[in-house]
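This report concerns only the one structure given below.
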Amino acid sequence: MSDFFSTLVDEFPQVRAGLWVTLQATVLGALLALALSFLLGLMAGSRLLLVRGVSRVVVEFFRGTSLYIQLFWLYYAMPPLTGYELTPLLCGVVAFGLNYGAYGAEIVRGAVNSVPRGQYEAALALNLSPARRMRKVILPQAWVQMIPSFTNLLIQLLKCTPLLWLISAADLMTVIQQLRDRTGETLTAYLTLLAVYFVLAYALTLLMNLLERTAKRRLGLATGAGSLFRSRSAATTTVGGTR
Amino acid sequence: MNGFDWNAAGEVLPLLLEGFEVTLLATVLGTLVAAVLGLAVAVAGRAPSRFVTVPVRVVMEFVRSTPLLVQLVGAAALFTSVEPLTIGIVVLGVHYAAYTSEVYRAGIDGVPKGQWEACRALSLPPRRTWQAVILPQAVRNVLPALGNYAISMFKETPFLAVITVHEMVFEARQYGAENFGYYTEAFTLAGLIFLVASYPTSLLMRKLEKRLGH
């Protein structure tokens with residue numbers, strides 16, 4: 001057991017590099033997913049059938065075809081088909097962003113729909129422009145409702161980053177597997193890897209809880225400090241599918 | 001080699017469908033494990049002693065927060081003598097049990113308090129309280145959520161390819177590797193099969209959810 005950890009300390013720069021790749025994939029993938037969630041989610045609320053339809057098709061396509069296949073398609077199938085080749089990390093970011101963006105779009109759509117009708121009418125009565133209505137009245141209220149679901153999605157995304165190992169990006173899983181091969185300590189290696197992911201997930205949850213608290217404060221809904229340490233709930237289901 | 005080769009697509013399709021049977025088998029059995037184990041965990045989570053409830057909750061939180069792929073690869077590396085498909089089904093089942101247990105928990109919490117009190121008043125033993133009163137009411141409410149988890153499990157079965165279960169994606173990768181990189185056809189078709197299988201199921205689940213008034 002000590003053999004594994006002493007190797008881990010010796011190879012620390014490599015481990016840190018792997019962790020960095022994993023974090024990059026998570027954060028960049030999440031940012032892309034967030035942008036797509038809002039784009040597709042707001043499109044789903046459009047009055048134009050065409051805009052709504054495009055959003056629906058894109059969302060169902062990326063939710064329906066499995067992240068694993070999307071990632072592999074980008075890595076293996078796209079280069080021969082189009083001649084463009086993405087680096088493994090970029091493949092990961094694009095696939096995570098598209099897949100989770102599709103799930104996130106449903107969250108945005110659901111949250112925007114759940115803002116009471118009267119708020120729209122009041123904003124309309126005050127003659128706010130559609131953009132201001134969205135930005136000043138609807139979104140701040142919808143945002144508070146979106147955060148817990150987004151937290152779940154973010155952890156799901158983090159949990160998918162070991163897929164990068166399969167398309168040979170040198171992520172955390174790759175590095176730990178190398179250490180395992182060198183020391184032969186399978187159980188210690190995988191438990192360590194799981195523990196690191198657990199810590200990362202918990203840290204992200206804390207950050208998101210902080211974000212939720214700030215968003216609630218903006219609406220005048222103060223919450224105690226205890227809310228920060230609340231674990232995420234598994235049972236948040238968006239319409240037509242979990243995650 | 002450029003563009004989409006229809007001959008290769010025709011050649012790989014039967015292989016994919018063969019693998020698809022394994023995919024379905026893993027999903028169905030995995031869902032069963034998750035449904036049963038999740039229920040057991042949810043019931044254990046309401047045990048009177050904290051020495052039971054706290055460890056159960058911590059373990060499930062850990063399973064829920066760590067990657068399925070690492071759990072799979074780790075289990076396969078530790079239990080080399082067990083068949084990969086069995087490992088896959090058990091790991092999928094345990095992973096999703098961490099989610100379904102929360103669903104059951106919410107379902108059990110949703111049973112009105114009066115029902116518990118009535119059971120106590122009738123001095124029903126705990127076993128009969130669960131069996132005859134609480135579970136029949138709780139399980140009805142959780143069925144749509146379980147269905148949704150089955151769909152997400154279905155979309156995560158490609159992970160099993162990594163531990164050499166011969167499911168659809170395994171076949172796709174093998175075909176691509178053996179035929180000088182006809183990955184495009186294999187993966188495009190595999191994705192379409194997933195879409196064709198999962199989209200109608202999602203629609204059905206949505207209908208069921210509406211029907212049960214969620």
Side-chain angles (χ1 to χ4, degrees), chain A residues 60-83 99 155-156 158-163 165-166 172-173 176-177 180 186-187 189-191 193-202 204-205 231-243, chain B residues 1-4 60-62 64-71 73-75 77-78 98-103 105-107 144-145 148-149 151-152 154-159 161-162 169 172-173 176 181-188 190-192 194-199 202-203 205-206 209 214:
Chain A
E60 293 301 346
F61 180 79
F62 284 107
R63 288 200 326 168
T65 49
S66 179
L67 169 64
Y68 188 105
I69 305 231
Q70 287 154 15
L71 185 66
F72 269 56
W73 199 91
L74 281 175
Y75 187 69
Y76 285 114
M78 201 182 73
L81 202 61
T82 61
N99 190 268
I155 305 298
Q156 299 280 5
L158 169 72
K159 280 165 52 187
C160 281
T161 53
L163 278 173
W165 159 60
L166 296 174
L172 187 64
M173 179 147 177
I176 301 277
Q177 297 240 59
R180 182 205 97 159
T186 304
L187 186 64
Y190 285 120
L191 279 181
L193 189 54
L194 288 176
V196 173
Y197 269 106
F198 184 67
V199 170
L200 287 179
Y202 194 70
L204 286 179
T205 308
S231 68
R232 55 211 166 79
S233 76
T236 43
T237 48
T238 51
V239 183
T242 50
R243 309 150 96 236
Chain B
M1 188 196 82
N2 262 315
F4 195 89
M60 284 298 133
E61 182 75 33
F62 187 79
R64 205 147 63 79
S65 303
T66 52
L68 176 66
L69 187 61
V70 180
Q71 291 166 3
V73 175
L78 282 175
Y99 289 93
T100 54
S101 68
E102 292 283 306
V103 174
R105 193 161 68 95
N148 284 333
Y149 280 120
I151 297 171
S152 7
F154 172 62
K155 282 180 247 169
E156 286 197 336
T157 48
F159 285 115
V162 181
V169 171
R173 268 172 89 181
Y182 280 113
Y183 283 113
T184 314
E185 294 75 13
F187 278 116
T188 308
L192 287 178
F194 264 102
L195 189 64
V196 167
S198 74
Y199 186 56
S202 301
L203 284 183
M205 289 316 300
R206 218 176 295 178
E209 262 173 68
H214 281 270

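In the text below, chain A, chain B and the rest are named by the order of the sequence lines, each starting its count at 1.
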For A:L194 and B:T66 the tightest heavy-atom approach is O-CG2, 3.2 Å
What part of [X] is in contact with chain A, defined as an atom under 4.5 angstrom from a non-hydrogen atom: side chain, backbone, both or neither?
{"X": "B:T157", "answer": "neither"}
{"X": "B:R173", "answer": "side chain"}
{"X": "B:F154", "answer": "neither"}
{"X": "B:V73", "answer": "both"}

Please classify the contact between [X] and chain B as side chain, backbone, both or neither, with a heavy-atom cut-off of under 4.5 Å.
{"X": "A:A77", "result": "both"}
{"X": "A:I176", "result": "neither"}
{"X": "A:Y75", "result": "neither"}

Could you tell me whether a side-chain N or O of [X] sits under 3.5 Å from a main-chain N or O of [Y], the two making a donor and an acceptor?
{"X": "B:K155", "Y": "A:Y68", "value": "no"}
{"X": "B:S198", "Y": "A:G64", "value": "yes"}
{"X": "A:K159", "Y": "B:L69", "value": "no"}

Give the C-alpha distance, both sets of side-chain angles, the deciding distance and a yes or no for side-chain contact (heavy atoms from CB on, under 4.5 Å) between B:L78 and A:Y190. CA-CA 10 Å; B:L78 282 175; A:Y190 285 120; 5.7 Å; no
Could you measure the distance from the [atom1] atom of [X] to the [atom2] atom of [Y]? Nearest 0.5 Å is fine.
{"X": "B:R64", "Y": "A:Q156", "atom1": "CZ", "atom2": "CD", "answer": "9.5 Å"}
{"X": "B:F187", "Y": "A:F72", "atom1": "CZ", "atom2": "CZ", "answer": "5.5 Å"}
{"X": "A:T205", "Y": "B:E61", "atom1": "OG1", "atom2": "CD", "answer": "7.5 Å"}
{"X": "B:F194", "Y": "A:L67", "atom1": "CZ", "atom2": "CG", "answer": "11.0 Å"}
{"X": "B:I151", "Y": "A:R63", "atom1": "CD1", "atom2": "CZ", "answer": "9.0 Å"}

Kindly assign one of parallel, tilted or perpendicular to the pair A:F198 and B:F62, based on the angle between their ring planes and the thresholds 30° and 60°. tilted
Most heavy-atom pairs under 4.5 Å with chain B, out of A:V196, A:L193, A:I155, A:L200, belong to A:L193
Applying side-chain hydrogen bond (donor to acceptor under 3.5 Å, both in side chains) to A:Q70 and not counting sequence neighbours gives A:T65, A:N99
Residues passing the side-chain hydrogen bond (donor to acceptor under 3.5 Å, both in side chains) test with A:T161, sequence neighbours excluded, are A:Y197
| field | pair A:M173-B:V70: side-chain heavy atoms closer than 4.5 Å | value | yes
Handout entry: Verdict with supporting geometry, A:Y76 and B:T184, side-chain contact (heavy atoms from CB on, under 4.5 Å)
Key = CA-CA 7 Å; A:Y76 285 114; B:T184 314; over 6 Å; no
Most heavy-atom pairs under 4.5 Å with chain A, out of B:A77, B:A75, B:G176, belong to B:A77
